[in-house]
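Letters A, B, ... are given to chains in the order of the sequence lines, protein chains preceding strands, and every chain is numbered from 1.
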2 protein chains.
Amino acid sequence: MSPADTPQARGERRKRSDARRNAQTLLDAAAAVFARAGIDAPVRDIAAEAGVGMGTVYRHFPTRPDLVVAVFRHQVDALAATPAGASGENPENPYEALRSWVARFTDFLVTKHGLPEALHSDQAGLESLHAEFVDRLVPVLDRLLRACVDAGRIRADVRPLDLMIAIGNLCIGADTFPGYRARHMVDVLLAGLLHHAPAPTDADRPRTPTAP
Amino acid sequence: MSPADTPQARGERRKRSDARRNAQTLLDAAAAVFARAGIDAPVRDIAAEAGVGMGTVYRHFPTRPDLVVAVFRHQVDALAATPAGASGENPENPYEALRSWVARFTDFLVTKHGLPEALHSDQAGLESLHAEFVDRLVPVLDRLLRACVDAGRIRADVRPLDLMIAIGNLCIGADTFPGYRARHMVDVLLAGLLHHAPAPTDADRPRTPTAP
DNA sequence: CGAATATATGGAGCAATGCTCCGCTTGGCA
DNA sequence: TGCCAAGCGGAGCATTGCTCCATATATTCG
């Protein structure tokens with residue numbers, strides 16, 4: 001997001017004023033419709049909410065997922081930015097730093113209707129949403145996890161990508177399935193990272209049958 | 001599934017022979033298409049595979065999810081039936097019984113393209129798929145979990161429904177996202193059930209600030 | 001066996017939805 | 001003011017779940 005990334009600085013013509021205005025209107029309208037009707041809301045509805053035609057939507061956001069990504073980008077940015085602060089807050093307790101960041105991540109996912117589901121939709125183009133999350137957040141998790149491993153708090157066999165996807169997955173259904181406590185299960189998962197006395201990963205592969 | 005449930009026994013006329021044949025043909029065709037193209041394959045494709053018309057499909061399976069449920073029902077039955085055996089095999093190690101059943105459940109989910117995703121689809125009617133899983137498998141998990149809790153092996157604050165949904169969720173993306181190791185994350189989740197020295201669940205809610 | 005009838009079938013057609021296309025409109029510059 | 005590239009709107013296409021009904025056929029009864 002350096003200033004050099006602005007269109008003008010790259011020698012491209014500045015967009016027309018109505019175009020800029022419409023782009024922002026669309027972003028706001030999409031955010032409103034997503035909040036009201038979920039992330040799967042029809043593009044038509046968003047165009048109507050913004051008071052523009054279908055063509056305008058697709059001019060600004062070539063595919064539906066592009067619109068979704070744009071709407072959530074700055075929230076992902078916030079999540080990606082904090083950990084420097086968070087992990088700095090208590091470098092002596094890296095596990096709590098991990099837990100606190102994961103709690104914020106979980107809150108974000110749970111409060112967005114359909115977002116966790118969308119991260120796994122195989123609809124063409126929705127990979128970019130996934131990619132956005134991976135690119136921005138995996139490095140954060142990597143730092144948090146590494147700090148825990150270095151401090152000897154957690155097992156070393158869980159990769160940041162695994163954990164990120166797992167957390168995102170656990171949040172699926174949080175708002176649609178009544179009895180399911182997504183946050184709690186994320187907590188259980190994090191507890192599973194801690195070292196225990198008996199490493200259960202070995203128990204299910206008795207290479208040598210327990211001698212009598 | 002008692003004999004009294006058969007149509008004849010309830011005084012209903014037995015279905016025409018071609019109808020019965022087509023129903024089975026459709027089941028086989030659907031299984032083949034699901035395996036090849038995933039669970040979201042168009043109904044048209046299944047009709048074509050079976051060599052019948054659309055009307056025939058919908059006559060036998062009123063909605064798309066009904067077909068999906070029918071295809072997987074006997075596999076769910078198998079999963080629901082085993083734990084009596086499994087938990088009987090080593091009553092002295094209930095945690096291993098839990099792990100072994102969960103491993104089978106995980107295998108089942110991971111090998112069915114799109115099944116875990118379908119369990120959370122908000123498409124009307126797909127709740128019956130979810131209901132099928134919940135009704136058949138939650139009681140099994142309940143028994144397995146209770147045995148572990150009674151043996152003092154695991155925490156008592158995880159309900160069977162939570163665990164079942166969490167496991168299903170963790171399997172999402174197993175076949176579509178390259179780097180993600182669903183089975184491993186299920187293992188981490190199960191490890192999180194075990195008791196550890198410091199209960200992390202209390203750490204984030206210091207009701208009374210730790211007295212000096 | 002042959003007719004009568006309930007049952008089953010096939011596929012055109014409807015509705016929803018993502019996306020494209022293109023003729024019309026308009027902001028910005030000379 | 002006048003020009004024109006950038007922008008816009010919305011009809012229309014393709015896909016897909018599902019419905020409808022004229023036609024075909026299995027089953028039964030005389």
Peer 1: For B:H184 and A:D157, test the side chains for any donor-to-acceptor distance below 3.5 angstrom and give the result as yes or no.
Peer 2: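 The criterion, which ignores hydrogens and geometry beyond distance, is satisfied for A:D157 and B:H184.
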
Peer 1: When you match B:G55 and A:R59 each to their closest nucleotide on DNA chain D, which lands nearer the 5' end?
Peer 2: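 First, find each residue's nearest nucleotide; the 5'-ward one identifies A:R59.
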
Peer 1: In whole Å, I'd like the distance from the NZ atom of A:K15 to the C1' atom of D:dC8.
Peer 2: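 The answer, rounded to whole Å, is 14 Å.
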
Peer 1: Is the shortest side-chain N/O distance from B:T56 to OP1 or OP2 of C:dA8 below 4.0 Å?
Peer 2: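 False: B:T56 side-chain N/O out of range (4.0 Å or more) of C:dA8 OP1/OP2.
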
Peer 1: What is the separation between atom CE on B:M54 and atom C1' on C:dC14, rounded to the nearest whole Å?
Peer 2: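 That distance rounds to 12 Å.
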
Peer 1: Quick one: does A:R16 reach the base of D:dA6 with a side-chain donor-acceptor pair under 3.5 Å?
Peer 2: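 Yes, a donor-acceptor pair under 3.5 Å.
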
Peer 1: Do other residues, nucleotides or ligands put more than 12 heavy atoms under 6.0 Å from A:R146 CZ?
Peer 2: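 Not buried by this count: 12 neighbours or fewer within 6.0 Å.
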
Peer 1: A:Y58 OH to D:dA11 P: how many Å, rounded?
Peer 2: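 After rounding, the gap between these two atoms is 16 Å.
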
Peer 1: To check you understand the geometry: which heavy-atom pair defines the closest contact between B:L190 and B:Y95, and what is its length?
Peer 2: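 Result for this residue pair: O-OH, 3.1 Å.
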
Peer 1: Without decimals, in angstroms, what is the distance between A:R14 CZ and D:dA6 C1'?
Peer 2: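 About 15 Å, once rounded to whole Å.
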
Peer 1: Please evaluate the base of C:dG10 for a donor-acceptor partner in the side chain of B:R44 within a cut-off of under 3.5 Å?
Peer 2: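 Per atom types, no contact qualifies.
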
Peer 1: Between atom CG in B:D66 and atom P in D:dC18, what is the gap in whole Å?
Peer 2: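 Spelled out: CG on B:D66 to P on D:dC18 is 9 Å.
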
Peer 1: If you pin B:P42 and A:R20 to their nearest nucleotides in DNA chain D, which one's is more 5'?
Peer 2: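 Checking each residue's closest nucleotide, the 5'-ward one belongs to A:R20.
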
Peer 1: Return no unless some side-chain N or O of A:T63 is found under 4.0 Å from OP1 or OP2 of C:dG18.
Peer 2: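 No.
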
Peer 1: Between B:H130 and B:H120, what is the ring plane arrangement, given parallel below 30°, perpendicular above 60°, and tilted in between?
Peer 2: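 Rings of B:H130 and B:H120: perpendicular, as their planes differ by over 60°.
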
Peer 1: With a cut-off of less than 4.0 Å, is there a side-chain N or O of A:H60 near OP1 or OP2 of D:dG7?
Peer 2: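 For D:dG7, neither OP1 nor OP2 has a side-chain N or O of A:H60 closer than 4.0 Å.
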
Peer 1: Can you name the one residue among B:L115, B:V69, B:I165, B:L79 that meets side-chain contact (heavy atoms from CB on, under 4.5 Å) with B:F133?
Peer 2: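 Exactly one option meets the side-chain contact (heavy atoms from CB on, under 4.5 Å) with B:F133, and it is B:L115.
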
Peer 1: Checking contacts here: which listed nucleotide (C:dT9, C:dC19, C:dG28) is nearest the side-chain heavy atoms of B:N22?
Peer 2: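 So the side chain of B:N22 is nearest to C:dT9.
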
Peer 1: Picking from C:dG10, D:dG10, C:dA8, which would you name as closest to the side chain of B:D18?
Peer 2: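 Shortest atom-to-atom distance from the side chain points to C:dA8.
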
